[in-house]
Amino acid sequence: MTALTVVLVLVVAAAGLLRWRRPAWYWLAFGVTLAALRVLVRYRSVMDACGLTVPPARWRLALARAANRPIPEPRPPHIRRLRPTRTGLVLRLKLRPGQDAFDIAAASDRLRHSFSMFGVTSREVRSGAVEVRMTGYDVLKRVQMPAETETRPMRVPVALREDGAVHYRDYRAIPHALTLGSTESGKSVYQRNLVAGLAPMDVALVGIDCKQGVELFPLARRFSALADSPDTAAALLDALVARMADVYRLIRTQQRITVDVPDAEIAADIWDLPEELRPTPIVVLVDEVAELALYATKEEERRRDRIITALVRLAQLGRAAGIYLEICGQRFGSELGKGITMLRAQLTGRTAHRLNDETSANMAFGDIAPDAVLAAIQIPADMRGLAIAGDSSGGWHRIRAPHTSLRQAVNLCNRYADRTPDLAELTPFRPAVTGPATALAPSAKASPATA
């Protein structure tokens, strides 16, 4: 009996230590089993208390009366599947007649408390089926990206979502995006993760960094073009607009539409072209958009109008030509001048790190998800890297990117420097790089936490 007591004490102590120091290990070792039992045992009573049950069918009531049996209890949604994950549990529920997916979403916070989980989110899979994702611990406190992610061309895993899923930056689904964040909010780390994820891919990277290049020029070996001043940025954007026109002419010459050509073979963008003719896609990273929009003289105002016009044209027409925009900044408001709101309307993806003012949060989410505005300005200062991500569909969620140091990003760019395409239109803006690129580093996704 004494030996059994000692073993139990050691197991409890180990579980407590793991829960404190390594919550992910605790979850996989102990938490997932306890949580699954808790959900299954409490399910019916919790659903009834949360108002997620429906009265029994009339035929069941009639049958119970005819047989002189007790009245059947209200019925909760049927559990189709309970699946454990590395961060929590996934419930697949079949809704009863009269229930709606919004009912489950509205009760998420009550379900979180009732099942003693850290977080609960839900989404409608199809008509009558809802997926409820429960997280067993704070996955954003110590970010650990999965060892394997679903990567495909122009789709980059950049962060972890609050429900434990991976947040992807998919340029073919969301071609242009706006990323905002005040100083020391983690915006630069998010940008490094993007570059690190794009570095191994067949894509040209173009950077505009008006802070004299301190953010992007260390990564220069993987960039086909870089600009470190508004004057150079204006010329670079003009070159991109000219390339866009050339790509459209190439697509037009390859269409050759006749009645004999199947719909699937009609080219409407670069991805419909044969691989040997397909132009290299380009991702344009603008590090501080406000520096491109500010002016003090008439000459600078003309340059500013030229830059904003080029950005708007690329945002409106660049997707089919394989040109994608990643606009970053600390401040983004209508006071930056004409054309800014027109540019924002074309930026489907929105990511906001900690912001100092509500106006910038409104510019990020006010037109697509008003309830995300308050979440963006409530991010604590000690949670660097935490952000709100949304898109034009109105949905949003909290994400946090794993910490990637500048050294790690530089080493990855050096490792894949041979993949940097040399584009004729961008040759004048190719950064001059000296010295051998011999440094190797661990993967940018290996660091477990965001500082």
Side-chain angles (χ1 to χ4, degrees), residues 156 158 169 171 174-183 185-195 197-198 203-220 222-241 243-244 281-295 300 303-319 321-333 336-353 355 360 363-364 387 409 426 429 431:
V156 183
V158 291
R169 177 70 179 93
Y171 286 93
I174 302 176
H176 313 302
L178 172 66
T179 302
L180 299 178
S182 59
T183 303
S185 65
K187 176 167 54 66
S188 297
V189 174
Y190 179 84
Q191 192 178 64
R192 288 176 206 156
N193 275 276
L194 273 177
V195 175
L198 290 168
V203 60
L205 299 180
V206 173
I208 298 176
D209 183 4
C210 291
K211 293 188 294 188
Q212 296 301 312
V214 296
E215 290 287 350
L216 297 181
F217 269 75
L219 315 174
R222 187 56 186 86
F223 276 75
S224 298
L226 278 171
D228 62 353
S229 68
D231 290 327
T232 310
L236 175 56
L237 291 171
D238 287 342
L240 287 172
V241 171
R243 175 182 170 82
M244 178 178 67
I282 299 175
V283 175
V284 183
L285 294 102
V286 180
D287 183 64
E288 187 53 70
V289 67
E291 286 299 315
L292 300 177
L294 296 176
Y295 62 91
E300 291 180 351
R303 181 194 64 199
R304 178 255 177 219
D305 291 342
R306 175 183 163 197
I307 290 174
I308 299 301
T309 300
L311 285 174
V312 171
R313 293 187 66 189
L314 290 173
Q316 291 183 150
L317 306 174
R319 181 204 61 81
I323 299 177
Y324 309 102
L325 297 182
E326 198 72 42
I327 307 294
C328 303
Q330 298 181 29
R331 181 81 176 89
F332 196 84
L336 295 180
K338 60 182 181 180
I340 287 296
T341 53
M342 185 185 300
L343 175 61
R344 182 193 65 162
Q346 304 297 327
L347 305 177
T348 308
R350 311 285 175 83
T351 303
H353 295 75
L355 296 170
S360 291
M363 286 295 285
L426 305 181
F429 310 98

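Worth saying up front: this structure is predicted, and the values here are computed from it rather than measured.
Proximity of a side-chain donor or acceptor of D209 to a complementary backbone N or O of L216 within less than 3.5 Å is detected.
Shown here for L180 and S360, the closest heavy-atom pair between the two residues is CD1-O, 3.6 Å. The shortest heavy-atom contact between P230 and I307 is O-CD1, 3.6 Å. A293 and I340 get closest at one heavy-atom pair: CB-CD1, 4.5 Å. The nearest pair of heavy atoms linking S182 to S185 is O-OG, 2.7 Å. Contact between A177 and R169 at its shortest, heavy atoms only, is CB-NH2, 3.3 Å. Annotation for K187 and D287: closest pair NZ-O, 4.4 Å, computed over non-hydrogen atoms.
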Full working for side-chain contact (heavy atoms from CB on, under 4.5 Å) between V289 and R331: CA-CA 8 Å; V289 67; R331 181 81 176 89; over 6 Å; no

Working for side-chain contact (heavy atoms from CB on, under 4.5 Å), residues I308 and R304: CA-CA 6 Å; I308 299 301; R304 178 255 177 219; 3.8 Å; yes

Residue pair V241, L237: steps toward the side-chain contact (heavy atoms from CB on, under 4.5 Å) verdict: CA-CA 6 Å; V241 171; L237 291 171; 5.5 Å; no

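Using a 4.5 Å heavy-atom threshold, the side chains of E326 and L194 count as touching. Under the 4.5 Å side-chain criterion, counting only non-hydrogen atoms from C-beta, Q191 is not in contact with V189. In this structure, the side chains of V206 and V283 stay at 4.5 Å or more apart for every pair of heavy atoms. Residues D305 and Y295 fail the side-chain proximity criterion, which asks for heavy atoms closer than 4.5 Å. Side-chain atoms of D238 and L236, non-hydrogen and from C-beta on, never get closer than 4.5 Å to each other.
Pairs engaging residues 225-237 under the side chain to side chain donor-acceptor pair (under 3.5 Å) rule: S229-T232, D231-R303 [sequence neighbours left out]. For residues 308-318, the set of pairs meeting the salt bridge (charged side-chain N to carboxylate O under 4.0 Å, His left out) definition, not counting sequence neighbours, is empty.
Rounding to the nearest 0.5 angstrom, the gap separating the CD atom in E291 from the CD atom in Q212 is 10.0 Å. Between the OH atom in Y171 and the CG atom in L325 there is a gap of 10.0 Å [rounded to 0.5 Å]. Atoms CG and CG, on L292 and L311 in that order, are 6.5 Å from each other to the nearest 0.5 Å. Here the CG atom belonging to L317 is positioned 8.5 Å from the CD atom belonging to Q346, to the nearest 0.5 angstrom.
Take V195 and apply the side chain to side chain contact (heavy atoms under 4.5 Å, CB included) test, not counting sequence neighbours, and it matches L205, L219, F223, L285, C413. Looking at residues two or more places apart in sequence or on another chain, you find no side-chain hydrogen bond (donor to acceptor under 3.5 Å, both in side chains) involving E288. Considering only residues two or more places apart in sequence or on other chains, P281 meets the side chain to side chain contact (heavy atoms under 4.5 Å, CB included) condition with M154, V203, I270, W271, Y324. In this view, L347 and H176, L178, I327, L343, R350 satisfy the side chain to side chain contact (heavy atoms under 4.5 Å, CB included) rule, not counting sequence neighbours.
Judged by the 6.0 Å and 45° rule, R192 forms no cation-pi pair with Y190.
A salt bridge between E215 and K211 is present, with a side-chain N of the basic residue lying under 4.0 Å from a carboxylate O of the acidic one.
In the model, T183 has a side-chain atom that pairs as donor or acceptor with a side-chain atom of Q330 under 3.5 Å.
Within 6.0 Å of the CZ atom in F217, the count of heavy atoms belonging to other residues, nucleotides or ligands exceeds 12.
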